[in-house]
Amino acid sequence: MKILLIGSGGREHALAWAISASPLCDRLFIAPGNPGTAQCGENVVLDIADHGAVASFCKLQGIGLVVVGPEGPLVAGLADDLVAAGLKVFGPSKAAAQLEGSKAFTKELCAEFGIPTAGFGRFADAASAKAYVASQGAPIVIKADGLAAGKGVVMAETLDEANEAIEMMFSGGLGAAGAEVVIEEWMIGEEASFFALCDGTHALPLASAQDHKRVGDGDTGPNTGGMGAYSPAPVMTKALEAQVMAEIIMPTLAGMTKRGSPFQGILYAGLMITAQGPKLIEYNVRFGDPECEVLMPRLKSDIVPALLAACDGVLDNITLRWSDEAALTVVLAARGYPAKPETGSVIKDIDKAAALDDVLVFHAGTKQTATDIVASGGRVLNVVGLGKTVSEAQARAYRGVDAIDWPEGFCRRDIGWQAVKREREG
Ligand code: AMP
Ligand code: GLY
């Protein structure tokens, strides 16, 4: 079978790595891909926003499965248009992608179907939003409704901060994403990400992970797309996983079907493990990046039959084997990230890191020139370590990081700190 994978990040390199290992995959195309995905298949230049052009390419090549990595094309309805053209697509419809595209949509779904989440209100003007904040008090969380590239959440410790965030969003500080604002109770607990593969009716739990959103050591500085992750998340016990499936994932699938937009694809639940049990922070409708880079190395089964079963609505026939080992990824970013990453610097010795035992390197914002690999984005490389414990995986990942010669890059030095602390304390 020929497969087309859409995207160009570290997530897509990890997916390309897993998909290309399948005996079912004869030929893998990645659009647009990156120098890492080029090692797993053929990168193709396609305008992803031109859905007709993507469909024509698929017809011409006889593509049997399209896998969509990022949320942008899903929210824009790429899956709908390709399915209408008769193609098999892994990833949700535009209507189902609202689970990520609109925070208000997800909160209403939670309210209607009894899915545990933070208490909330939604507002279309600054005055009523401010009145709500005044009635609730601080601390409180202010969120832009739409996609805001990770910048749409303000954790307001005081009423002044909350009002400032409301002003910023309603005065267009985040563009159209801030036309509506969701205000939430500030939940206390440990965060974990949980991934489930869904076919509209059935859901297969995949694995858990923990991300590191802040740019600096000790979880300081501005939010980023993610500076590192590990899997599994020790906080997610088997019992909690079962609770999340029963109280959060399955009611979501049932609710989406009831609303006429069944969810097929990856449901990525951002969870807060509170004293009252797991609560949903938000949904994403795709694999996390960098979480995917730690999930794929732990997946021991062929991923392609599972993706096909999700498209065909027969996930109940699939079981997946997972390694008990931990995987941990450290993101190498270009100096200046997230505000203003400096691109163009040369990166050497990636192959030295990749040659180390139990180390994998996935590319993200890199570019191949005639002679070198250079940085071309904010998050540039993912160095993954595998080990019996998170501590061991962490040591291997940093060994890989230290083998790479890139003075213009930086990384956090404490990825995995929560799990490592837990392991030390036994
Ligand atoms: P989101 O983009 O909705 O995932 O929010 C980004 C981050 O903000 C989350 O990973 C949490 O750390 C934090 N966050 C969002 N909503 C809440 C909430 N209601 N209570 C506590 N923390 C939150
Ligand atoms: N790492 C967070 C995300 O993919 O949204």
Side-chain angles (χ1 to χ4, degrees), residues 7 9-12 14-15 69-72 74-75 97 99-107 110 115-122 133 136 138-157 162 165 169 174 177-178 181-195 208-215 219-220 222-231 233 235 266-276 278-296 329-331 333 338 362 364 378-379 382 412 415 418:
R11 165 182 49 217
E12 284 74 29
L15 284 172
E71 65 279 16
L74 294 167
V75 172
L99 280 174
E100 173 160 1
S102 165
K103 292 188 192 297
F105 175 89
T106 300
K107 297 300 283 190
C110 289
I115 298 162
T117 187
F120 74 105
R122 51 186 289 196
V133 162
Q136 297 293 309
I140 196 155
V141 183
I142 316 292
K143 298 186 177 184
D145 176 58
L147 289 180
K151 299 187 181 80
V153 176
V154 175
M155 309 287 294
E157 311 222 10
M169 290 180 193
L174 298 171
V181 163
V182 172
I183 302 184
E184 292 183 6
E185 158 205 359
W186 181 318
M187 299 185 286
I188 306 289
E190 186 168 341
E191 279 188 66
S193 306
F194 182 74
F195 298 85
S208 60
Q210 264 163 332
D211 191 10
H212 300 65
K213 286 194 185 356
R214 304 293 198 97
V215 75
D219 293 326
T220 54
N223 267 333
T224 69
M227 293 299 291
Y230 55 92
S231 174
V235 67
I266 294 292
L267 202 50
Y268 158 0
L271 302 171
M272 187 71 83
I273 312 304
T274 72
Q276 299 89 41
K279 291 191 183 180
L280 182 70
I281 301 173
E282 63 156 4
Y283 274 131
N284 296 306
V285 297
R286 44 152 181 105
F287 278 112
D289 192 351
E291 290 91 329
C292 190
E293 291 90 309
V294 287
L295 294 188
M296 289 305 115
T329 184
V330 176
V331 170
F362 293 123
R379 293 189 294 168
N382 281 273
R412 275 181 63 164
I415 300 301
Q418 273 174 314

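Ligands are counted one by one from 1 in listed order, and the atoms in each one are counted from 1 as well. Note that the numbering runs from 1 along the sequence shown for the chain.
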Please answer whether the main-chain N or O of [Y] pairs with a side-chain N or O of [X] as donor and acceptor at a distance below 3.5 Å.
| X | Y | value |
| --- | --- | --- |
| R11 | P290 | no |
| H212 | G228 | yes |
| E190 | M272 | no |
| T117 | L280 | yes |
| R379 | G225 | yes |
| T106 | L99 | yes |
| S208 | A233 | yes |
| T224 | V215 | no |

G288 heavy atoms, cut-off 4.0 Å: which ligand 2 atoms fall inside?
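Reading through ligand 2 atom by atom, the close ones are 4 (O).
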G225 heavy atoms, cut-off 4.0 Å: which ligand 2 atoms fall inside?
1 (N), 2 (C)
Show the numbers, then the answer: is there a salt bridge (charged side-chain N to carboxylate O under 4.0 Å, His left out) between E184 and K103?
CA-CA 11 Å; E184 292 183 6; K103 292 188 192 297; over 6 Å; no
Just going by heavy-atom distances, which of E185, K279, M272 is nearest to atom 18 (C) of ligand 1?
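Shortest heavy-atom distance from atom 18 (C) of ligand 1: E185.
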Which of the atoms of ligand 1 are close to [X], meaning less than 4.0 Å from one of its heavy atoms?
| X | value |
| --- | --- |
| K143 | 3 (O), 15 (C), 16 (N) |
| K213 | 6 (C), 10 (O) |
| K103 | 2 (O), 3 (O) |
| W186 | 20 (N), 21 (C) |
| M155 | 8 (O), 13 (C), 14 (N), 21 (C), 22 (N), 23 (C) |
| A118 | 19 (N) |

Per the side chain to side chain donor-acceptor pair (under 3.5 Å) rule, which among R412, K213, R214 passes with D219?
R412
For ligand 1, which is the ligand I care about here, please tell me if I281 has any N or O atom under 3.5 Å from one of the ligand's N or O atoms.
no
Does ligand 2 have a heavy atom under 4.0 Å from the side chain of Y268, from its backbone, from both, or from neither?
side chain
What do you reckon, does P290 put a non-hydrogen atom under 4.0 Å from ligand 2?
yes
For ligand 1, note which part of E282 has a heavy atom under 4.0 Å away: side chain, backbone, both or neither.
side chain
Is E291 in polar range of ligand 2, meaning some N or O pair under 3.5 Å apart?
yes
I want to know if ligand 2 touches R11 in the polar sense, i.e. an N/O pair below 3.5 angstrom.
no
Can you pull out the closest protein heavy atom to atom 5 (O) of ligand 2? Residue, atom name and distance to 0.1 Å, please.
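The protein heavy atom lying closest is R286 NH2, 2.9 Å.
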